[in-house]
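In what follows, a structure is listed as structure tokens, so that the remarks can point back to it.
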Number of protein chains: 2
Amino acid sequence: MVRAGLTAERLARAGAELADEVGFDRVTVSELARRFDVKVASLYSHIRNSHELKTRIALLALEELADRAADALAGRAGKDALVALADVYRDYAREHPGRYAAAQYRLGPEDAAGSAGVRHAQMTRALLRGYDLTEPDQTHAVRLLGSVFHGYVSIEMGGGFSHSAPDSQETWSRILDALDALLRTWPSS
Amino acid sequence: MVRAGLTAERLARAGAELADEVGFDRVTVSELARRFDVKVASLYSHIRNSHELKTRIALLALEELADRAADALAGRAGKDALVALADVYRDYAREHPGRYAAAQYRLGPEDAAGSAGVRHAQMTRALLRGYDLTEPDQTHAVRLLGSVFHGYVSIEMGGGFSHSAPDSQETWSRILDALDALLRTWPSS
DNA sequence: CCATTTGCCTAAAGGCTTTAGGCTGGCGCA
DNA sequence: TGCGCCAGCCTAAAGCCTTTAGGCAAATGG
């Protein structure tokens with residue numbers, strides 16, 4: 001009997017693909033076993049349980065996203081950087097809806113600390129160096145940007161903007177214009 | 001044998017309470033049956049399936065949220081109204097995390113059209129009358145506010161802001177200040 | 001070359017969803 | 001008041017998912 005060569009890593013990668021195909025919430029240990037043409041119980045030698053599988057997929061997505069963000073930010077500053085970073089999130093969500101959903105999976109403090117989530121915050125901070133903000137406003141701005149990016153993308157993915165004019169791309173551009181303007185004239189306390 | 005007096009309505013209400021207690025994703029037809037001290041199959045005379053149950057809970061939450069928003073907006077304008085509306089979302093999410101999650105449940109176009117989602121958009125539009133925006137900027141602004149509110153609240157609920165200074169309330173206030181300033185000086189195309 | 005570890009399998013228990021079909025308490029009508 | 005009918009709950013059963021326990025065989029390394 002030929003062995004399938006399972007690994008926690010490979011399972012997570014396959015799980016990420018599965019998520020993009022059928023949705024993160026339908027990623028199931030059983031379905032994954034089917035894909036590897038292996039019995040379900042076999043997966044439990046590699047992952048503790050379903051939660052660990054999802055966590056690994058989430059961590060993987062966060063890494064990928066952070067890598068893309070780092071790439072996009074390289075050599076850019078100011079509004080250029082703002083738009084680039086924003087597009088990274090939006091594009092990733094469109095290309096990999098399942099992974100994007102996974103990135104929202106709630107992690108325990110343990111996993112969260114070791115995740116790429118930290119890098120995300122740092123990069124947003126780096127981006128803000130192109131604007132003139134000092135603490136604590138910088139932190140407020142980091143949180144605002146995170147909220148807008150995630151909020152917009154998740155509403156858009158949910159179809160929230162698809163049944164009314166103007167089209168979503170137009171709004172996205174105008175929102176980024178507005179955020180840029182806001183960051184340049186941030187109202188200090 | 002005394003009848004339990006089940007109803008799609010009562011099931012949805014009980015489901016909403018259950019969601020707040022254990023989380024929306026753990027709302028289950030089985031658990032609900034247990035709460036009514038009734039066999040699982042009995043519920044299927046009132047709801048078509050699990051999806052319909054969740055949809056009804058979502059619609060209920062959207063309704064409640066819209067009612068609160070309408071209340072909060074009454075007699076207010078400008079920044080006052082902005083803060084009031086924003087707090088409605090945030091407070092609702094804190095008081096009723098399960099219902100808030102339910103409100104994010106993806107509805108079919110059918111249900112979406114008949115939902116209170118429409119009222120939400122209209123109220124945000126009404127709020128913007130306190131600022132000087134005309135179409136299509138008004139729509140862009142509606143979408144921005146929706147993104148910020150939803151994005152911030154969902155990150156906050158996920159614990160995203162809880163492990164770093166400054167505290168979340170402070171950021172929330174400053175973000176609302178910033179949005180107010182932005183709306184007053186919205187960069188026209 | 002064989003001993004041990006590692007990887008996948010069978011078996012089984014327990015939970016959730018959904019459908020089919022049966023019994024009965026009550027409401028409506030005569 | 002009495003009776004029939006139907007709505008409302010039940011039992012049964014199938015199908016899928018998770019998770020644990022224990023077994024056999026393929027790799028690995030001494």
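A, B, ... follow the sequence lines: proteins, then strands. Residue 1 opens every chain.
Asp91(A) is linked by a salt bridge (Lys or Arg N to Asp or Glu O under 4.0 Å) to nothing, counting only residues two or more places apart in sequence or in another chain. In this structure His140(B) satisfies the ring-ring contact (aromatic ring centres under 6.0 Å, His included) test with no other residue, sequence neighbours excluded. With sequence neighbours excluded, the residues forming a ring-ring contact (aromatic ring centres under 6.0 Å, His included) with Tyr92(A) are His96(A), listed by chain and number.
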Going by atom type alone, with no hydrogens or angles, which donor-acceptor pairs under 3.5 Å involve a side-chain atom of residues 7-14 of chain B and a protein atom two or more places apart or on another chain?
{"residue": "Arg10(B)", "atom": "NH1", "partner": "Ala4(B)", "partner atom": "O", "Å": "3.3"}
{"residue": "Arg10(B)", "atom": "NH1", "partner": "Gly5(B)", "partner atom": "O", "Å": "2.8"}

Please report, to 0.1 Å, the donor-acceptor pairs under 3.5 Å made by any side chain of residues 107-117 of chain A, with sequence neighbours excluded.
{"residue": "Ser115(A)", "atom": "OG", "partner": "Ala112(A)", "partner atom": "O", "Å": "2.8"}
{"residue": "Ser115(A)", "atom": "OG", "partner": "Gly117(A)", "partner atom": "N", "Å": "3.0"}

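Rounded to whole Å, the distance from CG on Leu32(B) to P on dG15(C) is 18 Å. Rounded to an integer number of Å, the gap from Leu43(A) CG to dT18(D) P is 10 Å. If you measure from atom OH of Tyr44(A) to atom P of dA12(C), you get 19 Å, rounded to the nearest angstrom. At whole-Å resolution of the value, NE2 in His46(B) and C1' in dC6(D) are 13 Å apart. Atom CG of Leu6(A) is separated from atom P of dC8(C) by 4 Å (rounded to the nearest Å).
Between Glu21(A) and Arg26(A), no side-chain nitrogen of the basic residue sits less than 4.0 Å from a carboxylate oxygen of the acidic one, so the salt-bridge criterion is not met.
Counting only residues at least two apart or on different chains, the ring pair (Phe, Tyr, Trp, His ring centres under 6.0 Å) pairs with a member in residues 16-39 of chain B are Phe24(B)-Tyr105(B). The salt bridge (Lys or Arg N to Asp or Glu O under 4.0 Å) contacts involving residues 130-158 of chain A comprise Arg90(A)-Glu156(A), Arg94(A)-Glu156(A), Arg125(A)-Glu135(A), Asp137(A)-Arg174(B), where partners must be two or more places apart or lie in separate chains. Among residues at least two apart or in separate chains, ring pair (Phe, Tyr, Trp, His ring centres under 6.0 Å) pairs with a member in residues 151-189 of chain A are Tyr152(A)-Phe161(A), Tyr152(A)-Trp172(A). Counting only residues at least two apart or on different chains, the ring pair (Phe, Tyr, Trp, His ring centres under 6.0 Å) pairs with a member in residues 68-90 of chain A are Tyr89(A)-His120(A), Tyr89(A)-Phe149(A).
Listed in residue order, the members of residues 47-54 of chain A having a heavy atom less than 4.0 Å from DNA chain D are Asn49(A), Ser50(A). DNA chain D is contacted by Thr28(A), Val29(A) of residues 9-29 of chain A, taking any non-hydrogen atom closer than 4.0 Å.
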Which letter, B, S or -, goes with each nucleotide of nucleotides 11-16 of chain D from 5' to 3', with contact meaning a protein heavy atom under 4.0 Å? BB----

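None of Asp80(A), Leu127(A), Leu145(A) except one satisfies the side chain to side chain contact (heavy atoms under 4.5 Å, CB included) rule with Leu85(A); the exception is Leu127(A).
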